[in-house]
Number of protein chains: 2
Amino acid sequence: MNIGQAAAASGVSSKMIRYYESIGLIPKTVRTESGYRVYSDHDVHTLRFVRRARDLGFSVEQIADLVSLWQDRERASKDVKAIALEHVGLLERKIRELQEMASTLKHLADHCCGDSRPHCPILEELASHDPLPVHAKADARFGALGKA
Amino acid sequence: MNIGQAAAASGVSSKMIRYYESIGLIPKTVRTESGYRVYSDHDVHTLRFVRRARDLGFSVEQIADLVSLWQDRERASKDVKAIALEHVGLLERKIRELQEMASTLKHLADHCCGDSRPHCPILEELASHDPLPVHAKADARFGALGKA
DNA sequence: GTAATCCTTCCAATCATGGGAAGGTCAAGC
DNA sequence: GCTTGACCTTCCCATGATTGGAAGGATTAC
């Protein structure tokens with residue numbers, strides 16, 4: 001199987017497959033004489049594992065750990081669980097952060113008439129010197145909220 | 001006021017102030033003879049506005065729009081509200097996405113004994129061929145969940 | 001006068017991903 | 001057997017917001 005077929009079968013793009021190989025997340029594949037990468041069903045299975053882990057928001061580093069635990073028959077399930085729970089913690093912190101932003105912003109928007117007049121509580125709040133009301137303060141930036 | 005003092009007064013780092021200037025989010029400042037940037041209280045006010053908008057998760061692009069609306073006395077509040085509500089929409093989509101990941105993962109972790117034995121439903125699920133249960137599927141990657 | 005602390009610009013790294021160029025390979029059809 | 005198109009290869013660049021650091025000049029305090 002060529003990389004394109006492996007990509008289609010696993011849901012991981014060719015680009016990402018090469019990238020994952022380059023950073024050592026997945027092993028280097030066999031090549032044909034002319035240099036084409038060749039993938040087995042087993043490789044596709046691994047790629048699908050990686051993709052699912054990405055779908056759950058795990059970082060590449062965590063995925064590397066998960067993959068190696070997956071392939072270790074002597075693993076302790078607590079090691080897997082620890083990674084999962086740590087990630088749940090991160091997700092929940094992030095969720096709380098975004099919820100605070102959203103609720104602050106919704107509150108402000110609720111008080112903005114949204115007509116053609118210039119008066120706007122949203123801008124007033126942003127321009128104010130007082131601390132942002134109640135919660136809404138990101139402790140950590142997040143690099144791009146995504147494309148959505 | 002030098003950039004360091006403006007940074008301390010506004011909560012925006014010197015690095016970011018220079019960056020914001022370089023991309024045109026804030027105007028170029030006056031310089032001293034020797035090239036030091038000089039900031040007025042008014043500049044600090046603008047920087048604080050920017051910082052608050054960042055704290056609410058607005059992108060730099062949106063902040064540019066907000067700043068220009070802020071400085072436009074003829075603005076229509078509906079233009080501000082539109083930006084705010086669009087951002088709320090993004091936040092809420094993101095929140096839902098993360099919640100789906102978290103709940104899927106918590107569910108899996110709940111079923112993992114977390115002891116020294118190798119059996120682990122989390123890995124089993126990741127390795128499975130079936131679609132991820134119910135929800136948990138990120139439609140858009142997010143570039144780093146942050147440092148938290 | 002010197003040391004410490006600022007400032008300047010420029011370059012690099014982060015993280016996961018996509019885009020594209022330049023060039024080689026393969027399969028199908030003629 | 002040759003052309004065409006679809007694949008593959010590697011390499012570099014861009015994203016977004018932010019931080020880090022190096023090299024060198026300015027200012028300030030003692």
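Just so it is clear, the values below take in all heavy atoms, side chains as well, and ignore hydrogens, waters and symmetry mates. So you know, we letter chains A, B, ... as the sequences are listed, proteins then strands, and number each from 1.
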**Q** Between B:Q62 (CD) and D:dG16 (P), how many Å, whole number?
**A**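 In whole Å, D:dG16 P lies 12 Å from B:Q62 CD.
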**Q** Round to the nearest Å and state the distance from A:Q5 atom CD to D:dA6 atom P.
**A**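 Taking CD of A:Q5 and P of D:dA6, I get 16 Å after rounding.
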**Q** Test: ring pair (Phe, Tyr, Trp, His ring centres under 6.0 Å). Region: residues 92-125 of chain A. Which pairs qualify, not counting sequence neighbours?
**A** A:H107-A:H111
**Q** Mind calculating the distance between CE (B:M1) and P (C:dC6) to the nearest angstrom?
**A**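 In whole Å, C:dC6 P lies 16 Å from B:M1 CE.
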**Q** Tell me which residues in residues 11-19 of chain A lie within less than 4.0 Å of DNA chain C, going by non-hydrogen atoms.
**A** A:S13, A:K15, A:M16, A:Y19
**Q** Find the distance A:Y20:OH to C:dC15:C1' and express it as a whole number of Å.
**A** 11 Å
**Q** Partners of B:F49 by ring-ring contact (aromatic ring centres under 6.0 Å, His included), sequence neighbours excluded?
**A** B:W70
**Q** Roughly how many Å is it from CD1 in A:I3 to C1' in D:dT10, rounded to a whole number?
**A** 12 Å
**Q** Could you state the atom-to-atom distance from CG of B:N2 to P of C:dT8 in whole Å?
**A** 7 Å
**Q** A:H42: what forms a ring-ring contact (aromatic ring centres under 6.0 Å, His included) with it, not counting sequence neighbours?
**A**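 ring-ring contact (aromatic ring centres under 6.0 Å, His included) check on A:H42 returns nothing, list empty.
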**Q** Just checking, is any N or O donor in the side chain of B:S77 or A:D115 under 3.5 Å from an acceptor N or O on the other one?
**A** yes
**Q** Do A:M1 and A:V38 have side chains that get closer than 4.5 Å, going by heavy atoms?
**A**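 In short, these two side chains do not touch, never coming nearer than 4.5 Å.
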**Q** Looking for any heavy atom pair under 4.0 Å, which part of the strands does A:F58 touch: base, sugar-phosphate only, or nothing?
**A** nothing
**Q** Does B:N2 reach the main-chain N or O of B:G4 with its side chain, forming a donor-acceptor pair under 3.5 Å?
**A**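 Pair absent, no side-chain N/O of B:N2 close to backbone of B:G4.
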**Q** Could you check whether any side-chain heavy atom of B:Q99 comes within less than 4.5 Å of a side-chain heavy atom of A:E92, counting everything from C-beta outward?
**A**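 No; the side chains remain at least 4.5 Å from each other.
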**Q** With sequence neighbours left out, what residues match A:E86 under salt bridge (charged side-chain N to carboxylate O under 4.0 Å, His left out)?
**A** none
**Q** Which of residues 25-38 of chain A sit near DNA chain C, with a heavy atom under 4.0 Å from it?
**A** A:S34, A:Y36
